[in-house]
Amino acid sequence: MVDILFWKDTVLCKLEYLYFLRSFYSPSNVRANVTKPTMTETLDPLSPSTNSFGRTGVMTKLRMRFGRAPVSRPAGDGYVEFGEFRSERAGVKKVGTFAGVFCPVVLSMFSALVFIRMGYLVGNAGLLVTLGQFALAYLIVVFTVTSICAICTNGAVEGGGVYFMISRTLGPECGGAVGSLFFFANVVSSALCISACTEALVENFGPNGYLVGSNPGIPDGWWYRFLYRSILNAIGLGVSLAGASLFARTSLAIWVTILICLSSALISFFVTPPAKIDSPDTNRLVNTTAFNYTGLSSATLYENLFPSYAHDYTADGQLVDFASVFGVLFTGVTGVMAGANMSGELKNPSRSIPWGTLSALVFTALWYVALSVLTAATCSRELLQNNYVYLLPINVWPPFIAVGMLMATFSAGLSNLIGASRVLEALAKDNIFGSLLRPMVSRSSNPVLAVLTSWLLVQIGIMADSLNAIAQVNSVLFMTSYLAINLSCLGLDLASAPNFRPTFKHFSWVTSLLGFAGCVALMFGLRALYACGAALACGALVVALHLLSPAAADPTWGSLSQALIFHQVRKYLLLLDPRREHVKFWRPQMLLLVASPRHSAPLIDFVNDQKKGGLFVVGHVRVGELCGAGDPLADEHKYWLKLIDHLKVKAFVELSLARSVREGAAQLARLAGLGAMKPDTVLLGFRDAAPPRDFFRDPVSPYKTEQFDLECGEVIFPPRGPLGARLSAAEYVRIVSDVLCVNKNVCLCRHFHRLDMAAVERRCPSLKYIDVWLVELMAPSCEEPFTVRGLFALQLAAVVRSARGWQHLALRLRAVAGPAAPPPALLGNVPPPLAPASLSSPSINARLLLFTEAGRTVTLGPPALAGLAPAAPYALGERLERLTKLLRINATTHIVNEWPDPQEFSRRGSDEGRDTYQNVSLDYLQVVNSIIKRSSEATAVTFVQLPSPPPLSPQGSPSDDLVCEQYLKVLDEFTKELPPTILVRGLKSVTSTSL
């Protein structure tokens with residue numbers, strides 16, 4: 001049993017640690033004076049944090065070292081958002097700027113370049129090109145470091161380093177993709193350094209090596225080199241398992257040793273006399289056995305100023321070029337990420353990473369410039385091209401360089417191995433790849449399985465024999481990471497996010513843009529094939545993670561894409577001026593009012609097809625009032641968003657809280673949308689007595705789901721029973737009148753529970769047509785197709801037919817050969833038809849049509865084109881064909897001659913005002929319904945004209961209920977047993993025949 005002792009005045013530990021205590025220890029083992037902290041106390045940013053100490057046995061230490069995290073982790077575990085304060089893990093010691101950032105960065109940047117490949121650079125590219133390449137590489141790295149510093153100083157940085165910064169900025173998809181490439185970049189870099197260390201071993205201790213002379217030394221060959229690499233990799237594995245803090249503390253001693261070795265090389269350039277330097281035994285391309293070391297010489301310097309590319313004796317004689325030289329050179333600046341990778345082991349990452357990285361850049365740049373200039377001034381080009389380890393034979397004491405080679409390469413490889421394991425653990429903790437990487441999460445401070453996985457991948461990478469070949473891949477992968485970092489910072493700055501306030505002041509969007517552009521140009525300009533491969537891999541990972549990653553499905557941190565989208569949408573919404581709207585560019589903007597989506601799923605799906613790239617808003621009204629206890633719709637809103645995802649529709653959700661459904665519907669009709677993107681058409685379900693169908697529970701429904709039936713028994717979107725409460729007839733009709741009163745088009749949708757969208761999409765033979773009945777029920781007229789109401793219905797039907805999945809259906813227009821002008825009492829105060837002379841006159845476009853609709857006067861354009869006027873010498877069928885041709889609508893026209901005259905069926909009584917629908921004969925409605933029904937055997941959707949709602953008294957009266965009941969009864973008989981039907985009443989002109 002473990003007895004955990006707490007200090008007397010210690011503050012409370014974080015919630016994660018308490019969860020661990022509750023899981024593994026009984027309450028009796030904890031001191032009685034320890035109280036359970038609240039969430040507020042554990043996350044108090046002002047509370048000091050101290051580590052707890054206790055006496056643990058050997059077995060407990062082993063379990064902590066090799067134990068894995070449980071599958072289910074407490075809320076808030078893993079990596080947190082910028083600015084969230086977390087206390088340190090118990091027993092973990094942190095390192096400072098010098099040991100944790102400066103030394104690892106210097107050691108990683110020197111790596112294989114400083115001792116083993118300086119001759120390769122200067123000997124092939126010349127001094128001027130080498131210095132230019134260093135300047136270019138450092139320029140990109142400096143820009144990238146400023147971006148890193150800006151992100152680091154903008155909030156708390158946890159383990160995972162660069163991946164943590166990218167993922168918290170770009171989101172889980174892009175962050176996971178770039179983080180994966182960055183993980184492989186560290187793996188490849190570790191393999192490169194181990195290969196360089198092996199090369200140094202063979203050059204020094206192999207056959208005829210510089211330190212063994214004529215003695216046999218260690219054997220050489222591909223398999224022997226692979227064995228040496230494997231041994232070095234195994235040693236690195238052992239150190240990594242011992243812990244990153246151990247390496248961080250030994251890095252100071254390694255750095256001092258390498259500094260001594262480099263100082264000896266610098267001194268040797270001045271004190272070593274001219275001499276003949278033997279060719280290494282590994283160079284089998286030339287027969288010359290020795291090359292000149294001239295000492296400081298202006299002639300030698302001039303000879304090495306300009307490029308002269310030769311064959312690489314370590315890569316089977318491949319010809320060197322500018323790109324290959326830069327690829328090797330860039331490996332000397334990729335180590336800039338080493339400090340960021342150690343962010344989990346730093347005391348203060350936000351301060352240590354900027355200062356440590358920038359100082360390391362200045363330090364390494366000075367050494368690279370000094371070595372390049374002195375090398376070009378003392379060594380002949382033949383020596384540099386044929387002996388890459390020339391620093392060893394010219395040194396005052398060669399073992400200095402041998403030690404520097406081995407320590408620089410091995411420490412850099414070890415640093416990259418540790419960095420790769422930390423990135424892999426961060427990917428696992430963020431649940432980027434789900435259960436695939438879950439075992440990588442360790443409960444201890446050292447991710448054992450992540451280290452083993454990284455070691456295994458490095459073991460595969462060291463099978464590549466050529467160091468220079470590995471360097472090309474390594475450079476492209478790191479450039480991809482740099483590109484992502486600069487893109488992250490550029491996006492944060494351009495998005496003008498208020499919370500992006502880095503304390504690092506030497507950053508601007510210009511530096512990020514230059515760094516981003518430089519990485520893209522170098523990647524595709526020097527190694528286009530590798531760059532395309534990295535871009536394709538990154539793109540494929542982004543798509544795969546977006547579709548499959550659990551972290552992308554339910555992200556716990558923000559994404560830069562959302563901030564940028566908001567920034568751009570706001571800008572373009574301001575540019576979208578409603579005063580500049582034109583009918584030529586009209587598109588449907590729909591507001592669908594829904595009571596319960598359980599019963600309306602097919603209708604929601606249909607309207608999504610009907611919108612034709614326009615605006616689609618799903619609206620819902622809850623009856624109630626604010627009570628001062630918070631927003632009563634906040635919890636419900638998230639389920640509406642889940643509904644949108646479940647139905648796979650492109651819609652917005654608007655919820656309204658009002659004292660009545662009518663009041664809430666009026667609010668949505670007037671206020672839904674933003675700026676010029678406001679709905680112009682409101683759709684409602686039909687009020688009838690049909691039993692509702694629950695599409696979420698129906699086993700044969702394509703919309704079946706259980707995500708809205710919670711485990712606690714609560715049902716989201718509760719279904720309405722057959723006898724459930726419905727809107728009163730008066731309230732329903734007043735909602736329709738209110739929509740027309742605010743100048744919105746209105747559609748009533750009926751029988752859409754019968755619509756089988758899957759049957760439509762698979763081209764079922766029983767569904768062939770979309771029918772549009774351009775007939776006014778109360779006053780059938782041959783002029784109805786040419787009115788604004790008729791053209792609006794025709795436009796809606798044409799939009800539906802143009803949607804994907806509906807294009808195979810034929811569009812049929814049906815009109816009646818009735819009287820030329822409807823009775824004014826049935827349509828409102830409509831002026832008499834225009835005279836033929838006025839229709840053909842040039843001023844026809846100036847003529848306006850006024851009529852009364854739902855208590856207001858609506859001004860419309862001319863009802864028809866001049867050639868389609870009532871007095872034109874064309875039959876109705878020809879006029880309809882000309883109309884569809886002018887509107888570029890592919891439809892067939894059908895004239896219905898058997899449509900009855902409503903006057904023949906009228907009851908006795910008044911023909912005006914609110915008594916209109918009291919006088920409609922049931923026989924007339926049944927005859928009309930049978931005509932439409934006979935023509936709808938293979939119809940998928942039918943569009944019909946909605947009669948104008950009856951005028952109602954503003955204050956309401958008992959007689960309004962009877963009038964509204966009669967109006968709805970007329971609509972019910974009119975559309976009874978038809979296919980899915982939309983009753984349309986349009987107020988706005990939506991068609992155009994001009995360019």
Evaluate whether atom NZ of K678 has more than 12 neighbouring non-hydrogen atoms of other residues, nucleotides or ligands under 6.0 angstrom away.
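Atom NZ in K678 is crowded, with more than 12 foreign heavy atoms closer than 6.0 Å.
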Apply the test side chain to side chain contact (heavy atoms under 4.5 Å, CB included) to residues L748 and V736: give CA-CA distance (whole Å), side-chain angles for both, the deciding distance (0.1 Å), then the verdict.
CA-CA 9 Å; L748 306 184; V736 176; 4.0 Å; yes
Is there a side chain to side chain contact (heavy atoms under 4.5 Å, CB included) between L887 and L791? Walk through the geometry before answering.
CA-CA 10 Å; L887 296 177; L791 293 177; 4.0 Å; yes
Pairwise side-chain contact, R693 with S701, heavy-atom cut-off 4.5 Å (strictly under)
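Sidechains of S701 and R693: in contact.
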Going from NZ on K650 to CG on L615, what distance comes out if it is rounded to the nearest 0.5 angstrom?
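If I round to the nearest 0.5 Å, the distance is 13.5 Å.
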Counting N and O atoms only, with roles assigned by atom type, does the side chain of T787 sit under 3.5 Å from a partner on the main chain of G790, one being a donor and the other an acceptor?
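Flag set: sc T787 to bb G790 pair under 3.5 Å.
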Pair R580 + D577, salt bridge at N-O below 4.0 Å:
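Answer for the salt bridge query: no.
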Shortest non-hydrogen separation from L978 to R754 and the atoms involved
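So the two residues come closest at O-NH1, 2.9 Å.
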Are more than 12 heavy atoms, taken from residues, nucleotides or ligands other than K704, located less than 6.0 Å from that residue's NZ atom?
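Check passes, neighbour count above 12.
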What are the two closest heavy atoms between A601 and F696, and how far apart are they?
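Heavy-atom minimum between the residues: CB-CE2, 4.4 Å.
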On a heavy-atom basis, which atom in P632 and which in L657 lie closest, and how many Å separate them?
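Distance-wise, the nearest heavy atoms are CG-CD2, 3.5 Å.
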For the student: nearest non-hydrogen atoms of F974 and Q945, plus distance:
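For F974 versus Q945, the nearest heavy atoms are CE2-O, 3.8 Å.
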Measuring only between side-chain heavy atoms, which start at C-beta, is V760 closer than 4.5 Å to H808?
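Yes; the side chains approach each other to less than 4.5 Å.
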Run R670 and D738 through salt bridge (charged side-chain N to carboxylate O under 4.0 Å, His left out) and show every step you take.
CA-CA 10 Å; R670 293 185 62 252; D738 291 343; over 6 Å; no
Separation of T975 OG1 from L777 CG (nearest 0.5 Å)
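That separation rounds to 10.0 Å.
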Heavy-atom side-chain proximity of Y967 to P949 below 4.5 angstrom
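With C-beta onward as the side chain, the pair touches.
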Could I get the full list of salt bridge (charged side-chain N to carboxylate O under 4.0 Å, His left out) partners for K933, not counting sequence neighbours?
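Once residues adjacent in sequence are excluded, the partners of K933 under the salt bridge (charged side-chain N to carboxylate O under 4.0 Å, His left out) criterion are E977.
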Check whether more than 12 heavy atoms from other residues, nucleotides or ligands sit under 6.0 Å from atom NE2 of H546, and answer yes or no.
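It does not: H546 NE2 has 12 such atoms or fewer within range.
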Give a yes or no on whether E937 atom CD has more than 12 heavy-atom contacts from other residues, nucleotides or ligands under 6.0 Å away.
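Not more than 12 within 6.0 Å, no.
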Test item: side-chain donor near acceptor, S953 and D960, under 3.5 Å:
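The answer is yes; a qualifying pair exists.
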With side chains defined as the heavy atoms from C-beta onward, is the minimum distance between Q589 and M677 less than 4.5 Å?
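Q589 reaches M677 side chain to side chain.
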Do H646 side-chain atoms and Y703 backbone N/O form a donor-acceptor pair below 3.5 Å?
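Present.
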Working for salt bridge (charged side-chain N to carboxylate O under 4.0 Å, His left out), residues D680 and K988:
CA-CA 9 Å; D680 60 7; K988 297 182 178 181; 5.3 Å; no
Using the side chain to side chain contact (heavy atoms under 4.5 Å, CB included) definition, which of the options P947, S781, S948 pairs with E776?
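Of P947, S781, S948, side chain to side chain contact (heavy atoms under 4.5 Å, CB included) with E776 is met by P947 alone.
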Backbone N or O of A672 within a donor-acceptor pair of the E654 side chain at under 3.5 Å?
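No; zero donor-acceptor contacts below 3.5 Å.
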Donor-acceptor pair, Q966 side chain versus Y917 backbone, under 3.5 Å?
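Judged by distance alone, yes, a pair lies under 3.5 Å.
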Can you name the closest pair of heavy atoms from Q667 and S656 and give their distance?
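Nearest pair, atom of Q667 first, then S656: OE1-OG, 2.8 Å.
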Yes or no on side chain to side chain contact (heavy atoms under 4.5 Å, CB included) for V896 and V775, after CA distance, side-chain angles and deciding distance?
CA-CA 10 Å; V896 182; V775 184; over 6 Å; no
For R812, the option from T942, D771, T893, T892 that meets side chain to side chain donor-acceptor pair (under 3.5 Å)
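The passing option is D771.
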Please round to the nearest 0.5 Å and tell me the distance separating atom NZ of K642 and atom CD1 of I716.
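It comes to 9.0 Å.
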Evaluate whether atom CZ of R763 has more than 12 neighbouring non-hydrogen atoms of other residues, nucleotides or ligands under 6.0 angstrom away.
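Counting neighbours around CZ of R763, 12 or fewer heavy atoms of other residues, nucleotides or ligands fall under 6.0 Å, so no.
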Hey, what do you get for CG (L727) to CZ (R687), rounding to the nearest 0.5 Å?
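It comes to 7.5 Å.
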Contact between S596 and P719 at the side-chain level, heavy atoms closer than 4.5 Å - yes or no?
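When only atoms from C-beta onward are counted, P719 and S596 do not touch, as no gap falls below 4.5 Å.
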Classify the angle between the aromatic ring planes of F606 and W806 as parallel (below 30°), tilted (30 to 60°) or perpendicular (above 60°).
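Rings of F606 and W806: perpendicular, as their planes differ by over 60°.
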Rounded at 0.5 Å granularity, tell me how far NE2 in H620 sits from CG in L655.
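H620 NE2 to L655 CG: 6.5 Å, rounded to 0.5 Å.
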At what distance, to the nearest 0.5 angstrom, does CG of L983 lie from CZ of R750?
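Reported value, rounded in 0.5 Å steps: 8.5 Å.
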Side chains of V984 and L796 in contact at under 4.5 Å (non-hydrogen atoms):
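Yes, close enough: below the 4.5 Å cut-off.
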Answer yes or no: does atom CZ of F652 have more than 12 heavy-atom neighbours from other residues, nucleotides or ligands under 6.0 Å?
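No, not enclosed.
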Salt bridge (charged side-chain N to carboxylate O under 4.0 Å, His left out) between E973 and K976, worked out:
CA-CA 5 Å; E973 293 293 337; K976 183 177 292 184; 3.0 Å; yes
Can you name the salt bridge (charged side-chain N to carboxylate O under 4.0 Å, His left out) partners of R801, sequence neighbours left out?
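None.
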Given L968 and D972, is the side chain to side chain contact (heavy atoms under 4.5 Å, CB included) satisfied, shown in steps?
CA-CA 6 Å; L968 293 180; D972 178 67; over 6 Å; no
Would you say T681 and P588 make side-chain contact, with heavy atoms under 4.5 Å?
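They are not in contact (no side-chain heavy atoms under 4.5 Å apart), so the answer is no.
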Would you say the side chain of D609 lies within less than 4.5 Å of the side chain of V800, judging by non-hydrogen atoms?
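Heavy-atom side-chain distance check fails, nothing below 4.5 Å.
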Could you tell me whether R598 and D709 have a side-chain N and a carboxylate O separated by less than 4.0 Å?
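Yes.
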Quick one: sort the F717 and W640 rings into parallel, tilted or perpendicular, breaks at 30° and 60°.
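If you compare the ring of F717 with that of W640, the planes turn out perpendicular.
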Exercise: identify the closest heavy-atom pair between V617 and P679:
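So the minimum-distance heavy-atom pair works out to CG2-CG, 4.2 Å.
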Under 3.5 Å: donor-acceptor pair, side chain of K611, backbone of N608
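Flag set: sc K611 to bb N608 pair under 3.5 Å.
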